[in-house]
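The figures here come from the full heavy-atom set of this structure, side chains too, leaving out hydrogens, waters and symmetry mates. Residue numbering restarts at 1 for every chain, and letters A, B, ... go by the order of the sequence lines. Computed from a predicted model, the values in this text were never measured in an experiment.
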There are 2 protein chains.
Amino acid sequence: MDAALTLFAERGYLGTSMRDIASQLGMRAPSLYNHLESKQELLQDIMLRTMENLVADHQMAVATTNDVAEQLRRAMEAHVRYHARHPREVRIGNAEIWNLEQPAQDRVRKLRRDYARSWQDVINRGVDEGRFQTPSPQLASYAMLEMGIGISLWYHEGGRLSESQLAYYYGDMALRLVSAESG
Amino acid sequence: MDAALTLFAERGYLGTSMRDIASQLGMRAPSLYNHLESKQELLQDIMLRTMENLVADHQMAVATTNDVAEQLRRAMEAHVRYHARHPREVRIGNAEIWNLEQPAQDRVRKLRRDYARSWQDVINRGVDEGRFQTPSPQLASYAMLEMGIGISLWYHEGGRLSESQLAYYYGDMALRLVSAESG
DNA sequence: GGGACGTCTGAACGGTCGTTCGCCAAGGGA
DNA sequence: TCCCTTGGCGAACGACCGTTCAGACGTCCC
């Protein structure tokens with residue numbers, strides 16, 4: 001539900017009441033229960049869908065080439081584009097894991113772990129092939145993941161930089177981080 | 001208050017009740033009001049103190065040298081060390097701005113802006129001196145700031161990397177990001 | 001026309017929240 | 001000994017929370 005996305009992103013899960021969401025839709029709170037089970041279900045749907053889409057975009061991006069430097073660039077571009085396009089989802093995803101009840105919380109954590117591991121695999125392969133150079137592939141991957149997250153906080157569509165410029169610059173920075181020649 | 005720090009960091013400001021905090025101290029909630037004005041006062045104290053200390057550490061680090069590459073390295077090291085040493089404060093600082101009432105919220109935002117601007121100044125100077133190379137000094141500064149924030153989420157003292165190793169590696173990555181020769 | 005269905009609603013539920021109040025025990029200065 | 005301060009406490013406050021429920025309305029098929 002779009003209204004919930006906006007409100008959760010702005011005020012947080014606990015800071016948003018069912019009455020708030022309903023009022024955004026011109027209804028009263030009880031009416032919501034004709035369309036959903038509970039507030040928690042809303043959060044779980046949002047977070048699971050968000051992580052699954054992110055991972056899907058990532059895998060698609062990595063699969064489009066065999067050149068490891070190009071893989072890293074495209075992974076970063078997909079990462080950045082996703083964060084620029086879905087800032088509300090990402091903000092919720094990063095802030096509200098603790099408010100997710102089990103077993104959904106563990107499912108999201110597993111998706112995150114898989115995502116991080118896939119990044120490390122790319123970097124490790126680059127190091128093995130002698131294309132990348134870094135003191136710690138793990139730290140490099142963490143840094144790259146984090147770099148994208150901030151985008152969801154300040155990027156908005158009409159800004160100085162287009163989404164494509166943003167993606168290109170961040171892809172560039174990812175390659176610099178491991179001292180790679182740009183693809 | 002140390003108990004509030006831990007609880008706010010774990011469950012969030014809205015997810016923590018005065019009864020929770022009191023119970024962590026072996027008291028009942030009303031007793032807390034002998035020592036503080038309100039729950040909001042707790043949050044404001046934590047966040048203002050945190051940002052002021054971070055800025056102070058940063059300015060101290062940058063002032064210790066005139067070489068711009070070394071300034072960038074030391075700024076990143078101070079940034080990383082602060083996030084590794086004060087994970088609870090940083091987590092709260094990043095998650096709870098929206099729960100800060102005015103005028104404290106604007107004060108914190110201003111401190112953040114000043115901090116970010118100081119990073120951009122260093123990078124811009126490096127570019128002007130021909131020591132750094134980057135398509136966008138602003139994006140580079142955002143990326144560096146973000147890189148540190150994640151540390152507060154996963155670093156703990158007994159981990160595989162010591163705080164000093166962490167600081168060194170991240171300083172290294174900051175210089176790589178702007179393609180600078182290490183100091 | 002009539003009943004079944006989907007949807008919105010006011011009222012209300014039990015619970016938790018931040019905070020206030022009046023009371024009580026302990027301790028120290030006179 | 002008396003008094004005053006300090007700090008902790010049970011009870012209680014009004015507000016708000018997520019959710020339930022019985023009813024009211026409209027729309028469709030028969």
Side-chain angles (χ1 to χ4, degrees), chain A residues 1-50 88-89 91-108, chain B residues 1-50 88-89 91-108:
Chain A
M1 193 77 84
D2 194 69
L5 261 178
T6 302
L7 289 171
F8 285 174
E10 272 176 14
R11 322 184 191 173
Y13 178 70
L14 293 174
T16 303
S17 73
M18 295 304 269
R19 287 160 177 89
D20 291 336
I21 300 174
S23 128
Q24 187 100 344
L25 271 63
M27 320 176 154
R28 308 284 174 265
S31 311
L32 296 175
Y33 289 83
N34 288 316
H35 309 277
L36 47 85
E37 276 299 317
S38 68
K39 188 187 178 187
Q40 174 72 205
E41 185 206 53
L42 260 179
L43 183 61
Q44 298 192 2
D45 286 354
I46 290 173
M47 294 195 60
L48 283 171
R49 197 168 42 81
T50 296
R88 297 174 302 173
E89 287 87 336
R91 242 177 327 207
I92 296 170
N94 284 310
E96 312 290 358
I97 327 183
W98 306 97
N99 295 126
L100 259 193
E101 290 170 9
Q102 297 293 10
Q105 184 179 135
D106 278 344
R107 283 206 51 200
V108 171
Chain B
M1 189 79 82
D2 195 69
L5 262 179
T6 302
L7 289 171
F8 285 173
E10 271 177 14
R11 322 183 191 174
Y13 177 69
L14 293 173
T16 303
S17 73
M18 295 303 269
R19 288 160 176 90
D20 291 335
I21 299 173
S23 127
Q24 186 101 344
L25 272 62
M27 324 177 152
R28 308 284 175 264
S31 311
L32 295 175
Y33 289 82
N34 288 317
H35 309 276
L36 48 84
E37 277 296 317
S38 69
K39 188 186 178 188
Q40 175 72 205
E41 184 206 55
L42 260 178
L43 182 62
Q44 298 192 2
D45 285 355
I46 290 173
M47 294 194 61
L48 282 171
R49 198 167 43 80
T50 296
R88 296 175 302 172
E89 286 87 337
R91 248 187 311 217
I92 297 170
N94 284 310
E96 312 290 357
I97 328 182
W98 306 95
N99 295 127
L100 259 194
E101 292 171 9
Q102 299 291 12
Q105 183 179 137
D106 277 345
R107 283 207 51 201
V108 171

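With sequence neighbours excluded, the residues that form a side chain to side chain contact (heavy atoms under 4.5 Å, CB included) with A:E89 are A:L5, A:T50, A:H86.
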- Using a 4.0 Å heavy-atom cut-off, write out nucleotides 13-20 of chain D from 5' to 3' as B (base contacted by protein), S (sugar-phosphate only) or - (no contact). ----BBBB

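Fit an axis to the five pairs at each end of the helix from C:dG1-D:dC30 to C:dA30-D:dT1 and the two axes sit 10° apart, to the nearest 10 degrees.
Applying the 6.0 Å contact sphere to CZ of A:R107 captures no more than 12 heavy atoms from other residues, nucleotides or ligands. Residue B:E37 qualifies as open at atom CD: its count of foreign heavy atoms under 6.0 Å is 12 or below.
For A:H35, no side-chain nitrogen or oxygen approaches OP1 or OP2 of C:dG6 to under 4.0 Å.
Rounded to a whole Å, the CE atom of B:M27 is 16 Å from the P atom of D:dT6. Taking atom CZ on B:R28 and atom P on C:dC24, their separation rounds to 19 Å, with Å as the unit. Here the C1' atom of nucleotide D:dC9 and the CG atom of B:L32 are 12 Å apart, to the nearest Å.
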- Task: Evaluate the side-chain hydrogen bond (donor to acceptor under 3.5 Å, both in side chains) criterion for residues B:Q105 and B:E101: first the C-alpha distance (whole Å), next the side-chain angles of each, then the deciding distance (0.1 Å), finally the verdict.
- Result: CA-CA 6 Å; B:Q105 183 179 137; B:E101 292 171 9; over 6 Å; no

- Item | Verdict with supporting geometry, B:N94 and B:M47, side chain to side chain contact (heavy atoms under 4.5 Å, CB included) | CA-CA 9 Å; B:N94 284 310; B:M47 294 194 61; over 6 Å; no

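Between the side chain of A:N34 and the base of C:dG6 there is no donor-acceptor pair of N/O atoms closer than 3.5 Å.
Listed here is the closest heavy atom pair of B:E96 and B:G12: OE2-CA, 3.1 Å.
Under the side chain to side chain donor-acceptor pair (under 3.5 Å) rule, A:R11 has a single partner from A:D20, A:T16, A:T6, which is A:D20.
Between the side chains of A:N34 and A:S31, no donor N or O sits under 3.5 Å from an acceptor N or O.
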